[in-house]
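Below, all heavy atoms of this structure are taken into account, side chains as well, without hydrogens, waters or symmetry copies.
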Amino acid sequence: MKAVPRTPMRVVPKTPRVHQTVEKQRRDTSDKARDPVNVFCRVRPLQSDADLTSLRVKNSTTIALNPQDQLLQHHKPHNGAQREVQYIFKHVFQPDATQQDVYAAVAQPLVENLLKGRNSLLFTYGVTGSGKTYTMTGNLRHRGIMPRCLDVLFRTISDYQAKKFVFKPDKLNGFEILSEEDALLERQHEMNQRFAGSGRFAFRHKDSDPEIASQASVEPIPLLGLDEDNMYSVFVTYIEIYNNSVYDLLEDSGIQKTLQSKIIREDANRHMFVHGVTEVEVKTVEDALEVFQMGQKRKRMGHTVLNAESSRSHSVFNIRLVQAPTDSQGENVVQDRQNITVSQLSLVDLAGSERSSRTKNTGVRLREAGNINNSLMTLRTCLEYLRENQLAASNGLAPKKVPYRDSKITHMFKNYFDGEGQVSMIVCINPRIEDYDENMQVMKFAEMTQEVQIARATPMKQDLGLTPGRRKANKLFKIAVNNLNELGIPEAKDLEVDVGLVYSLGPDFPAYEMDSPEAQIKIRELMHYLEQRIEKRKKLRANLDIKCDSFRQMLMNLDRDNLQLRTELASLKAVYKQERDRSAALEKKVRIHESSIDVLNNTLSKQERQIEELTFKLNEKENMLTQKEHEKEKQKKKFSSKLAVESDKNKREFELKLREQRVKLQERMRIKDEKLRLVSNILQSEDLPSLPRSQSSENILNEKDRGAYTARTEESSVPATRTDIYATPRHGAAAANNRHRRSRSAGDKWLEHRAANPVPLGTIMQPHLKNRKSVTKLTDLKELTAHGTTKYCLVSQDADTDGDVETKLYKGNVIPTCGGGAQVVFNDVECLKQKSPVHSPTRKRPSNGNISALGGGAVPSTVTSAQDVASRCNLGIEGHSSKKSKI
């Protein structure tokens, strides 16, 4: 990195043409009185007695820089020995100067300007390690400029501060006045945040920080000249400019989070401000220092070779004083934001200029040092352009455009250099001989800065025409009223203060000495002052006459009103007497009616008790009737269920009988069809076989079914007859294959067809099927024909009339059909019932005749055998055949 040049480079403006607005501002500022920039110098004490110094303080305003020791040790003289160079400042603070001396000479006039509504700028300038931060903030034992300014400010306005949140920032560099209700809501919200520990209160600590000044110091004296009829509030902001970017150190983003950069904008009054900066209202010095400590923890510090704790950014601490006049009673702020006066004191701690050859910085530190040097160079360039523009204005030349926007620090304080406030600078010097070159550049910059003239700002305060001293007069009046109340005078509560009676002819006479050469000028000023007092006296006398006339007129009106009120009082007394007699008569009637009402109330209470008794009896009858209806409905449901069960049972029995009759009729029809078909075949054949006469056609069919028919005919006729027999279409059940013979050596294979979730059998006798296969659905024919299945068992479970589980096993043989299928011929039924052994009355098993008698007719043998099997199983398990029905 190249070394920073010792003299600033002249930047040629891009547009040499000057705008009309700039020209107008130049003419306006040229008419105002100008003050030079106040430059002070403070010399830091040597850290060791062995260190050599390159400067000496000649008096309170002059300092000499002597390079002889440095030339003897490190450099050879070129063109003769160099002479010492003298620099003149407004004041030079020697190494033994205290912090109070620096504050009294530099910062106290700025605090006075703040109270008068004027803006001020104070910044410290110097190389790194020269004591800039110590001068501005101090340490634990010696307070710096910033805490002393806050202490004096709060001690001066302590009795005249407005309640918190009466003034509220509008985020556009201005303020608005809140009503008492809105201010109370804001205070409540802040109290909730304080208790919850959220917002800026989440990072508050009561411990002191080494960067913050100690509170142990001599109490300062309050300043004079405060307008006692105004209310005041103090707001603080704390920002830093790091790598030419602006950051808000009081932002509510937490210590761990990265701060967001802010932008610099111009408000409606063409004043520069940081948009979105956090403005905190403080009421005491402790609150302000606590806010400063919170921002100080976020400030970027770094370690270098020349300074263990070097500031790596420019820090700006703004103190804004907001004041507004009170109303005619001197109690509340006038609700008009046009009457607000805002003054600002900016305390700037500039980062020190560095040379990379001495600090040995690399990486991030080298980049930070480059940005710091560039911003300081831009500040120097702007001040040099201002000085050249002043010289050009005196010679009638066009001014140059000042490059404020090249750096954030100059862009932010552009208004101060254009005449919006007083500018002061403290140049901090480290007298070591090693810092001779850097100190030489600082001295040249300070000398050039003193030549810059800043236009004097005149604050504009609104005059509402209210009586001065009204606030103090109202306070004294309230004290007097309280004293009268304590003495027991009740009329004191009705007294109202008239602040207009407090007259003032202005301030006291100034002190003049007539023996001075300027006596004539003083006399003219005194004459002007007396004329103003005489004019003021005339106005006050006219005001007094007007108030006397109004008071006389008010007395006459009161006398007239008093006479009218007396007449009205006499008439009202007569009316009152009549109304009183009428009221007595009405009271007598009321007493009579009240007695009759009592008798009626007693009768009514008796009737109500009788109604309650009858109602209770009626409810009992209704409950009994409802209970009987419930029992009747229960019996009805019980008999309905039994009737439905018996109906279902009878229906199933009749369906079974009907199905058996149909099967029997179909079998007879089939036999007849076979007989007719056989007779037809015999008639159509040529040669009739010789059959015994005694053998009927029915016996022939039976022998054919058993495979006993072996008669043979001729080869031409017998095959045709058999083909016709087997080719005849049949309807109904499939014909079994008579040639099928089941192998008895292979054993039976069962196919058990049951439900998906059968009820477990708890009977004593359990079905036992060897070599079985169980299925839940029979949808495929292969399940009957495949795997050599010979037996089929259908398991059916149902509830009987008593609600017990009844399991039936329908067994049959699987016989292949002629078409390649299979049919099942059922030949057995097993019935399993599960009953409780506790209740088992003995019953007689009904005979077959009884069953037939109950059925009302002839019952097929198949049904009779099935019922007989079920009855036998019941007798074998429980000892009875059926359950007696309960009546």
(request) Taking E281 for its side chain and F165 for its backbone only, find out whether a donor-acceptor pair lies under 3.5 Å. (result) yes

(request) Taking all heavy atoms of P767 and all of L832, pick out the closest pair and write down the distance. (result) CD-CD1, 3.8 Å

(message) I need the minimum non-hydrogen distance between T615 and I611, along with the two atoms involved.
(response) OG1-O, 2.6 Å

(message) Checking the side chain of N243 only, and the main-chain atoms of S245 only, is there a donor and an acceptor separated by less than 3.5 Å?
(response) no

(message) Can you tell whether the side chains of R591 and E594 come within less than 4.0 Å, N to carboxylate O?
(response) no

(message) Could you check whether any side-chain N or O of S680 sits under 3.5 Å from a backbone N or O of L676, counting only pairs where one atom can act as donor and the other as acceptor?
(response) no

(message) Walk me through whether L625 and E629 qualify under side chain to side chain contact (heavy atoms under 4.5 Å, CB included).
(response) CA-CA 6 Å; L625 182 61; E629 289 181 354; 4.0 Å; yes

(request) Check the pair E631, K638 against salt bridge (Lys or Arg N to Asp or Glu O under 4.0 Å), reporting the backbone distance first and the verdict last. (result) CA-CA 11 Å; E631 292 178 357; K638 181 177 180 182; over 6 Å; no

(message) Walk me through whether E667 and R670 qualify under salt bridge (Lys or Arg N to Asp or Glu O under 4.0 Å).
(response) CA-CA 5 Å; E667 183 65 23; R670 187 182 65 80; 2.3 Å; yes

(request) Kindly give the heavy-atom pair with the smallest separation between I241 and S313, and that separation in Å. (result) O-CB, 3.3 Å

(request) Answer yes or no: is there a donor N or O on one side and an acceptor on the other, between the side chain of R754 and the main chain of V795, under 3.5 Å? (result) no

(request) Test side chain to side chain contact (heavy atoms under 4.5 Å, CB included) on E622 and L618 and set out the steps. (result) CA-CA 6 Å; E622 289 180 353; L618 179 61; 3.9 Å; yes

(message) Minimum heavy-atom separation for Y792 and V814, please, with both atom names.
(response) CB-CG2, 3.9 Å

(request) Inspect the surroundings of CD in E655 and state if more than 12 heavy atoms from other residues, nucleotides or ligands are less than 6.0 Å away. (result) yes

(message) For the backbone of K408 and the side chain of N244, can you confirm whether one donor and one acceptor N or O come within less than 3.5 Å of each other?
(response) yes

(message) Is any side-chain heavy atom of H275 closer than 4.5 Å to one of I264?
(response) no

(request) Say whether, by atom type as modelled, one donor and one acceptor occur between the side chain of T789 and the main chain of K749 under 3.5 angstrom. (result) no

(message) A side-chain contact here means heavy atoms from C-beta on lying under 4.5 Å apart; do E620 and F616 qualify?
(response) yes

(message) Rounded to the nearest 0.5 Å, what separates atom CZ in R609 from atom CG in L604?
(response) 10.0 Å

(message) When you compare the side chain of K297 with that of Q293, does any pair of heavy atoms fall below 4.5 Å?
(response) yes

(request) Test side chain to side chain contact (heavy atoms under 4.5 Å, CB included) on K299 and Y242 and set out the steps. (result) CA-CA 9 Å; K299 184 180 176 183; Y242 176 73; over 6 Å; no

(request) Hey, could you give me the CG/CD distance between D252 and Q193, rounded to the nearest 0.5 Å? (result) 7.5 Å

(message) Nearest 0.5 angstrom please: Q635 CD to S640 OG, how far?
(response) 10.5 Å

(message) If I take atom NZ from residue K808 and atom NZ from residue K833, how far apart are they, to the nearest 0.5 angstrom?
(response) 8.0 Å

(request) Any chance you could lay out the salt bridge (Lys or Arg N to Asp or Glu O under 4.0 Å) test for E674 and R677, step after step, and finish with the verdict? (result) CA-CA 5 Å; E674 288 293 337; R677 190 177 296 107; 3.3 Å; yes

(request) Could you walk me through whether D648 and R652 pass the side chain to side chain contact (heavy atoms under 4.5 Å, CB included) test, one step at a time? (result) CA-CA 6 Å; D648 292 340; R652 285 196 298 272; 3.8 Å; yes

(request) Using a cut-off of 6.0 Å, state whether more than 12 heavy atoms not belonging to K262 lie near its atom NZ. (result) yes

(request) Please round to the nearest 0.5 Å and tell me the distance separating atom CD of E240 and atom CG of L249. (result) 4.5 Å

(message) Keeping R772 on the side-chain end and C793 on the backbone end, is there a donor-acceptor pair under 3.5 Å?
(response) no

(message) Give me the atom names and distance for the closest heavy-atom approach of D248 to Y238.
(response) OD1-O, 3.4 Å

(request) Kindly compute the distance separating CD (E608) from OG1 (T603), expressed to the nearest 0.5 Å. (result) 11.0 Å

(request) Sort out for me which residue in E279, E186, E176 forms a salt bridge (charged side-chain N to carboxylate O under 4.0 Å, His left out) with K168. (result) E186

